[in-house]
Number of protein chains: 2
Amino acid sequence: MATIKDVCKLAGVSKATVSRVLNSTGQVKKSTADAVYQAISALDYKPSSLARALATNSTNTIGLVVSAFEGAYFSSLLRKASQTTLQAGKQLLIMDGGHSSASEQLAIESLVERKVDAVILYTRQIPEAVLKQLMNDLSIPLIIINQQVEGFEERCISFNQYEAAQQAAEYLLSKGHKEFACITGPESSINSHLRLQGFQDTLIKYNLQTCTAYHGDYFTQSGYHACNELLASKQSFTAIFAANDNMAMGAIRALHDAGLQVPQDISVLGFDNDPAGEFTIPSLTTIMLPVEEMAYTAVKQALQLIDKQEISTIALFSGNLIVRESVDHL
Amino acid sequence: MATIKDVCKLAGVSKATVSRVLNSTGQVKKSTADAVYQAISALDYKPSSLARALATNSTNTIGLVVSAFEGAYFSSLLRKASQTTLQAGKQLLIMDGGHSSASEQLAIESLVERKVDAVILYTRQIPEAVLKQLMNDLSIPLIIINQQVEGFEERCISFNQYEAAQQAAEYLLSKGHKEFACITGPESSINSHLRLQGFQDTLIKYNLQTCTAYHGDYFTQSGYHACNELLASKQSFTAIFAANDNMAMGAIRALHDAGLQVPQDISVLGFDNDPAGEFTIPSLTTIMLPVEEMAYTAVKQALQLIDKQEISTIALFSGNLIVRESVDHL
DNA sequence: TTGTATGCGTTATCAT
DNA sequence: ATGATAACGCATACAA
């Protein structure tokens, strides 16, 4: 690997000059600049981003830590984030956040040490108090997707889970359903709670009985199992609200195996708008979650913070009902 | 951020000594070592991985570049690779390879500059000749997933696409099918060609007519559209071989929309063993592709190469038929 | 316009 | 056992 020194020798100039033409900072005579370019291409010289980072305390990079790679949701997130970052002339470095608060924090730390200019965290594990502290202590901007942190609203990209679940309930009610079951996410998940809460509150608002909740883990299989439990419990219901599309699909299959047709016998409403849901049989009525917009916004916000620009506060993103086949009127 | 200097001052020792206790290289009196530890924790000092990388020319990191984040396939890949790397005490840095040979190479370069100890590349774009050159020129090991490079077999983790497609064809034939259609990947994809070739060659072997191929892009929607084209062409067929599960699902839906039942009227065979395929209606008969094993092997091989250990040559991975509902006998 | 010198935070080679 | 000091490859303030 050729270094700046080699270029100096070949071009007959000093490191400062090479650095100048490289970063186009300061004035350089055209002839010497040309000589430098000559040397650079002759040696196939590439400045070491590492050394540069050490000297400038910044790379041209944004870090992203995600805590799981499951499902269409994360595919979209990563793709859009990567694309947006690239378009801004920066690079995106992705790390796995693992399955604990500690490992998420480790990933963040590692990224910070690598001198990324900002880190975007899709968190599932770190408690709000810790996040607050991180946002205060870290020398670079930290943007959070999927959670609100009090006092740092401009750095939080999140989704109105509660309102979306209300939408879901309202729709089901409008179709004449009155008895429900829920397949929701893990008990530990805040957002899972919010979705459930939004759903239940709406039922209460209409003087209906709240529904029992079965917990899954967002994988298709867990939806299948949860629905089987539900069926075994012999309770009466005409519609299921699932906390994501995967579990909705699992539930539909469980109903199918029990000889029940969706939506003729039971309606199922999903969440996420997984692209596959458009083509399943029956296709999935679901709540669209604008992941790509959220990823885009997260990166944009990061870029603004890096440039020390005015930070615009961000509204909670909200869901949209996608009406397809899996919900029918009673 | 506290640096090594601060530790020096507080502990009353030199940089060399701090470095010694940090890396446990060389002898240090217990008392002074303790003093250093004291200072370190008092200042919450973390050595800069960047500076360390500059000095040692190596980080404890493996780089992974993937060219797309679509589908369950990549989720598994990323998850398993990350997990395996972590278990080996290293970190995994992931970068998007984008959609061109150039961007893939850029990602590799960027990772190399960051002094990762090895890079694993899931390639879709870079031609073999370029890969060969990269493997020769790069100062660190480059492991390739999804393509064979002549002369570097120990560094290539790939899948016997051809044989898997043969399996698929044999199975369909064993069920009495004789007229087929294929929905395959993009024309540019080598593996897509291999799958198609394996399928066609098997038909030829049994003196059957080869089938026409429709190209998709591995997304569900493209399977849907391809199948509609197929249907519009009015050709006669009793089974469809799709190059991945997503497209198989899209095809099934297209058939459904055309009033055709799977598998009663038409059989559909997928590829990948997407976890969701177990729960679709009908569930998907498919070829399992051992992504996780491949990811695991890639990381393990990388680790061996980093340690300059003997490199064990790797056999081509092969697929396994998963029999479910979407294929029936004629 | 160009060069010198210093710093970035480590590791590593010498001495001592 | 420990301490100077030179690398590592670059940026940059200051001189010239």
Side-chain angles (χ1 to χ4, degrees), chain A residues 1-40 43-61 109-117 139-140, chain B residues 1-40 43-61 109-117 139-140:
Chain A
M1 260 297 156
T3 80
I4 199 173
K5 276 190 189 173
D6 304 316
V7 179
C8 290
K9 282 181 195 162
L10 190 57
V13 297
S14 74
K15 295 201 285 182
T17 302
V18 174
S19 183
R20 281 190 197 99
V21 338
L22 229 54
N23 307 301
S24 50
T25 155
Q27 311 285 313
V28 180
K29 209 199 303 179
K30 177 146 192 339
S31 60
T32 65
D34 285 345
V36 171
Y37 282 127
Q38 282 277 336
I40 287 180
L43 296 167
D44 190 31
Y45 163 74
K46 307 260 179 216
S48 155
S49 55
L50 216 59
R52 185 174 277 177
L54 191 60
T56 63
N57 211 5
S58 99
T59 54
N60 227 276
T61 309
E109 224 171 71
S110 171
L111 253 9
V112 172
E113 271 182 22
R114 288 183 156 87
K115 297 296 174 193
V116 297
D117 302 332
S139 51
I140 57 169
Chain B
M1 259 295 157
T3 79
I4 200 172
K5 276 189 188 173
D6 304 316
V7 179
C8 291
K9 283 180 193 163
L10 191 58
V13 297
S14 75
K15 295 200 286 180
T17 302
V18 175
S19 182
R20 282 190 196 100
V21 338
L22 229 54
N23 306 302
S24 53
T25 154
Q27 312 284 314
V28 180
K29 210 199 302 180
K30 176 145 190 342
S31 61
T32 64
D34 285 344
V36 170
Y37 282 127
Q38 282 277 336
I40 286 179
L43 296 167
D44 190 32
Y45 163 75
K46 308 260 178 216
S48 154
S49 55
L50 217 59
R52 186 174 274 175
L54 190 61
T56 63
N57 212 3
S58 99
T59 55
N60 225 276
T61 308
E109 225 170 69
S110 171
L111 253 10
V112 171
E113 272 182 21
R114 288 184 156 86
K115 297 297 176 193
V116 298
D117 302 333
S139 50
I140 57 169

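Just so you know, these numbers use all the heavy atoms, side chains as well, and skip hydrogens, waters and symmetry mates. In what follows, chains carry the letters A, B, and so on, assigned in the order in which the sequence lines appear, proteins first and then strands, with residues in each chain numbered from 1. From a predicted model like this one, the values you see are computed outputs, not experimental measurements.
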- Which of residues 9-18 of chain B sit near DNA chain C, with a heavy atom under 4.0 Å from it? B/Lys15, B/Ala16

- Non-hydrogen atoms of B/Leu54 and A/Leu54 that approach each other most closely: CD2-CD2, 3.3 Å

- For B/Val13 and B/Thr17, work out which heavy atoms get closest and say how close. CB-CB, 4.1 Å

- Determine the minimum heavy-atom distance between A/Ile40 and A/Leu22, stating which atoms define it. CD1-CD1, 3.3 Å

- Would you indicate which nucleotide in C/dT10, C/dC14, D/dG9 comes nearest to any side-chain atom of A/Ser48? D/dG9

- Could you check which residues of residues 21-33 of chain B get a heavy atom under 4.0 Å from DNA chain D? Sort them by number, please. B/Gln27, B/Val28, B/Lys29, B/Thr32

- Say whether, by atom type as modelled, one donor and one acceptor occur between the side chain of B/Asp34 and the main chain of B/Ser31 under 3.5 angstrom. no

- Expressed in angstrom and rounded to an integer, what is the separation of A/Ile4 atom CD1 from D/dT12 atom C1'? 11 Å

- Query: In whole angstroms, how far is the C1' atom of D/dA6 from the NZ atom of A/Lys5?
  - Reply: 10 Å

- Query: B/Ile40 CD1 to C/dG9 C1': how many Å, rounded?
  - Reply: 14 Å

- Query: Quick one: A/Lys115 NZ to D/dG9 P, roughly how many Å, whole number?
  - Reply: 20 Å

- No-hydrogen, no-angle side-chain donor-acceptor test under 3.5 Å, A/Arg52 and A/Ser48: no

- Task: Would you kindly give the CG-to-C1' distance between B/Asp6 and C/dC8, to the nearest whole Å?
- Result: 13 Å

- Query: Between C/dT11, C/dT10, D/dT2, which nucleotide gets closest to the side-chain atoms of B/Arg20?
  - Reply: D/dT2

- Task: Of all the heavy-atom pairs spanning A/Ile140 and A/Asp117, show the shortest one and how long it is.
- Result: CB-O, 3.6 Å

- Donor-acceptor pair between A/Thr61 and B/Arg114 side chains, under 3.5 angstrom: yes

- Take the protein atom CZ of A/Arg52 and the nucleotide atom P of C/dC8, then report the distance between them rounded to whole Å. 19 Å

- Can you name the closest pair of heavy atoms from A/Tyr37 and A/Val21 and give their distance? OH-O, 3.7 Å

- Message: Can you give me the closest heavy-atom contact between A/Ile4 and A/Ser19, atom names plus distance?
- Response: CD1-N, 4.3 Å

- Message: Rounded to whole Å, please give me the gap between CE in A/Met1 and C1' in D/dC8.
- Response: 15 Å

- Message: Tell me the interatomic distance from A/Lys46, atom NZ, to D/dG9, atom P, rounded to whole angstroms.
- Response: 17 Å

